[in-house]
Chemist: 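Got a structure for you, questions after.
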There are 2 protein chains.
Amino acid sequence: MRDGDLDRVRALPLFSGCSSETFRTLTGGAFLQRFPSGTTLLLEGDQVDFLYVLLDGIVELEGTWNDKETTLAVLRPVSTFILAAVVLEADGLMSARTVERSDILMLSGAAIRRVMTEDARFAGAVAAEMAGCYRGLVRTLKNQKLRGGLERLANYLITQRLRQGGEATFALPHEKRMLASLLGMTPENLSRSLAALADYGVEVHGPNVTITRPAVLERLAKPDPLIDNHQPVTEGLTGKAQRERWPLPDKGVRAA
Amino acid sequence: MRDGDLDRVRALPLFSGCSSETFRTLTGGAFLQRFPSGTTLLLEGDQVDFLYVLLDGIVELEGTWNDKETTLAVLRPVSTFILAAVVLEADGLMSARTVERSDILMLSGAAIRRVMTEDARFAGAVAAEMAGCYRGLVRTLKNQKLRGGLERLANYLITQRLRQGGEATFALPHEKRMLASLLGMTPENLSRSLAALADYGVEVHGPNVTITRPAVLERLAKPDPLIDNHQPVTEGLTGKAQRERWPLPDKGVRAA
DNA sequence: CAGCGTGATTGACATAGATCAAGGCAGGCC
DNA sequence: GGCCTGCCTTGATCTATGTCAATCACGCTG
């Protein structure tokens, strides 16, 4: 493992507060592995023995029932995943699959649980991370239950634009079929919805999207801070918990 | 506050592991309040200053967007709620409303955050509770995205029957309109779906439901342990985390 | 360069679910 | 008892979304 990798893990909010000893215990028995695209890392229902940390590449989390499958999340570096199953020593509720070649660090779940009982700061960080993930899911569920497909798409585009720097033109970060699944619609419907958004100033050329009249699109999308997390992506602000801490409650935690 | 109330709080998995000192700190500044039916305890977007513990009554958690609202959960005693917002010191993402007269204990959020940094066992319990809540939401989201309305209803009935002891006849625990919202459908549609389930051996008389041919209903519902938590309700097993720890990973934690 | 495979698009159609509009049933109240 | 008021139900209709099928566009490979 390269030194830089460990540093990047250390910088995660999940680990940045814990003691050096805790960190050494956790990473001592860990191993870094490179997986090709399309590898299933974990099948839903499997026992979970490791906390995974995505250092490079893309990972999709998906759920299945009755021969149907749906994308629950698409992760980019640096992200941890299946923390909940590790904490509870339970089976995973979703499958994890690499979407492209990925470097993944695997930390012993048993070690994590043990260390949590000894290092209050680490346990607190785990709690905060879980809370952030929880709130992300609450947003997702509200998005799913309260909005129609076109509205979900419109809001997705608005969010993407902000996350990618706010330019009028940006690229969709995944294949459209996966985006469709993430948004809870069929690829056919996503196609049609994208076409329908032409009326609202959205131009699509392959993976590139241009929002020509943001105000018009917003009038359709009605974005809401209680559903959409419009926090811009800042360097080194990768934890799910951090993304929920915005705007910050006036504590000067934000770098000045 | 009656002594018994404190004991019931202490027995929650969230608190059962923490030190007496921690528990005293938390409950010292707490207060117990009785709210009439229909009281809004918390509006989505509000700052959250307290961790709420429902001791008696029923509380509904709901989300709103664009003049539509949806029920995200219905809580019964003894349950904690809005823990995630407390941990992250963030605004609540859902509203909380009493469905009937309820006794609710309110614990200072600041105290909880402080104590988490000192008592690793408590911080660990918070992490476990959040992980349980998270997994509950993953189940809900899969249920919502992968199943149709009729299937959601069928599975709901199967789960209810098990939770209420497994008898063929049981009562729906809420008003039907709320159940509809929880299941992500309109009241009209719930009515029709219940009628449609007659073909699968479901008889409905007001709030009472009888499942005459469980096997037939299951063939429609296709329940799945990765979506439906069929854990029977045991006395004193109230935490969201505990409900996710089932079947237990062979640790003898379960009472013999 | 031709052929192939994958993903995206488009159209025609089927279905699930929402909406609108009437009733019906039960409990509470005067 | 009669009359409300909610809640539930039922029917008719409309809309959104899924499904099936055909075609297209692209990149890759032989």
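This structure is a prediction, so every number in the text was calculated from the model and none was measured. All chains are named by letter (A, B, ...) in the order of the sequence lines, taking the proteins before the strands, and each is independently numbered beginning at 1. Heavy-atom basis, side chains included; hydrogens, waters and symmetry copies ignored.
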Chemist: Considering only side-chain heavy atoms of Lys176(B), which listed nucleotide, dC7(D), dT9(D), dT19(C), is closest?
Modeler: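 Per side-chain heavy atoms of Lys176(B), the pick is dT9(D).
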Chemist: Can you classify the ring geometry of Phe31(A) versus Phe50(A) as parallel (below 30°), tilted (30 to 60°) or perpendicular (above 60°)?
Modeler: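 The arrangement is perpendicular - the two ring planes meet at more than 60°.
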Chemist: Considering every strand and a 4.0 Å limit on heavy-atom distances, what is the contact class for Gly148(A): base, sugar-phosphate, or nothing?
Modeler: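 Answer is sugar-phosphate: Gly148(A) comes under 4.0 Å of backbone atoms only.
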Chemist: Please report the distance, rounded to the nearest Å, between CG in Leu179(A) and P in dG7(C).
Modeler: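 Taking CG of Leu179(A) and P of dG7(C), I get 15 Å after rounding.
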Chemist: dC8(D) base to Glu188(B) side chain: any donor-acceptor pair below 3.5 Å?
Modeler: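 No, no donor-acceptor pair under 3.5 Å.
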Chemist: Counting only N and O atoms by type, is there a donor-acceptor contact under 3.5 Å from the side chain of Ser181(A) to the main-chain atoms of Thr71(A)?
Modeler: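 Side chain of Ser181(A) to backbone of Thr71(A), a donor-acceptor pair under 3.5 Å: yes, one is there.
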Chemist: Rounded to whole angstroms, how far apart are CE on Met178(A) and C1' on dA8(C)?
Modeler: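 Atom-to-atom, Met178(A) to dA8(C), this comes out as 15 Å.
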Chemist: Rounded to the nearest Å, what distance is computed from the CD atom of residue Gln144(B) to the P atom of nucleotide dA16(C)?
Modeler: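 These atoms are roughly 17 Å apart.
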Chemist: Let me know the distance between NE2 of His205(A) and P of dC26(D), rounded to the nearest Å.
Modeler: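 Whole-Å distance recorded here is 12 Å.
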Chemist: Would you please confirm or rule out a distance under 4.0 Å between OP1 or OP2 of dC8(D) and any side-chain N or O of Ser191(B)?
Modeler: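 Checking Ser191(B) against dC8(D): no side-chain N or O falls below 4.0 Å of OP1 or OP2.
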Chemist: Using only side-chain N and O atoms of Lys68(B), determine if any of them is under 4.0 Å from OP1 or OP2 of dA18(C).
Modeler: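 For Lys68(B), the contact criterion (side-chain N or O under 4.0 Å from OP1 or OP2 of dA18(C)) is not met.
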Chemist: Can you check the Met185(B) CE to dT15(D) C1' distance for me, whole Å?
Modeler: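 Spelled out: CE on Met185(B) to C1' on dT15(D) is 18 Å.
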Chemist: Just N and O in the side chain of Asn189(B): are any of them under 4.0 Å from OP1 or OP2 of dA18(C)?
Modeler: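 So the side-chain polar atoms of Asn189(B) do come within 4.0 Å of the phosphate oxygens OP1 or OP2 of dA18(C), strictly under.
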Chemist: For Ser37(B) versus Val99(B), what's the shortest heavy-atom pair and its separation?
Modeler: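 Residues Ser37(B) and Val99(B), closest heavy atoms: OG-O, 2.8 Å.
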Chemist: Below 3.5 Å, does any donor atom in the side chain of Arg192(B) face an acceptor in the base of dG11(D), or the other way round?
Modeler: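 Pair found.
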Chemist: For the side chain of Arg147(B) and the backbone of Lys142(B), is there at least one donor-acceptor N/O pair under 3.5 Å apart?
Modeler: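 Not a single qualifying donor-acceptor pair exists.
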Chemist: Of the candidate nucleotides dA18(C), dA8(C), dC8(D), which contains the atom at the shortest distance from the side chain of Thr186(B)?
Modeler: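 Selected nucleotide: dA18(C).
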Chemist: Any salt bridge between Arg8(B) and Asp103(B), counting N to O under 4.0 Å?
Modeler: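 Here Arg8(B) does not pair with Asp103(B) in a salt bridge, since their nearest N and O are not under 4.0 Å apart.
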Chemist: Please give, in whole Å, the distance from dA18(C) C1' to Leu183(B) CG?
Modeler: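 After rounding, the reported distance stands at 16 Å.
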Chemist: Expressed as a whole number of angstroms, how long is the span from Leu153(B):CG to dA16(C):P?
Modeler: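 Rounded to the whole Å, the gap is 15 Å.
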Chemist: Starting at CG of Leu190(B) and ending at P of dC7(D), how long is that distance when rounded to a whole Å?
Modeler: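 Whole-Å distance recorded here is 15 Å.
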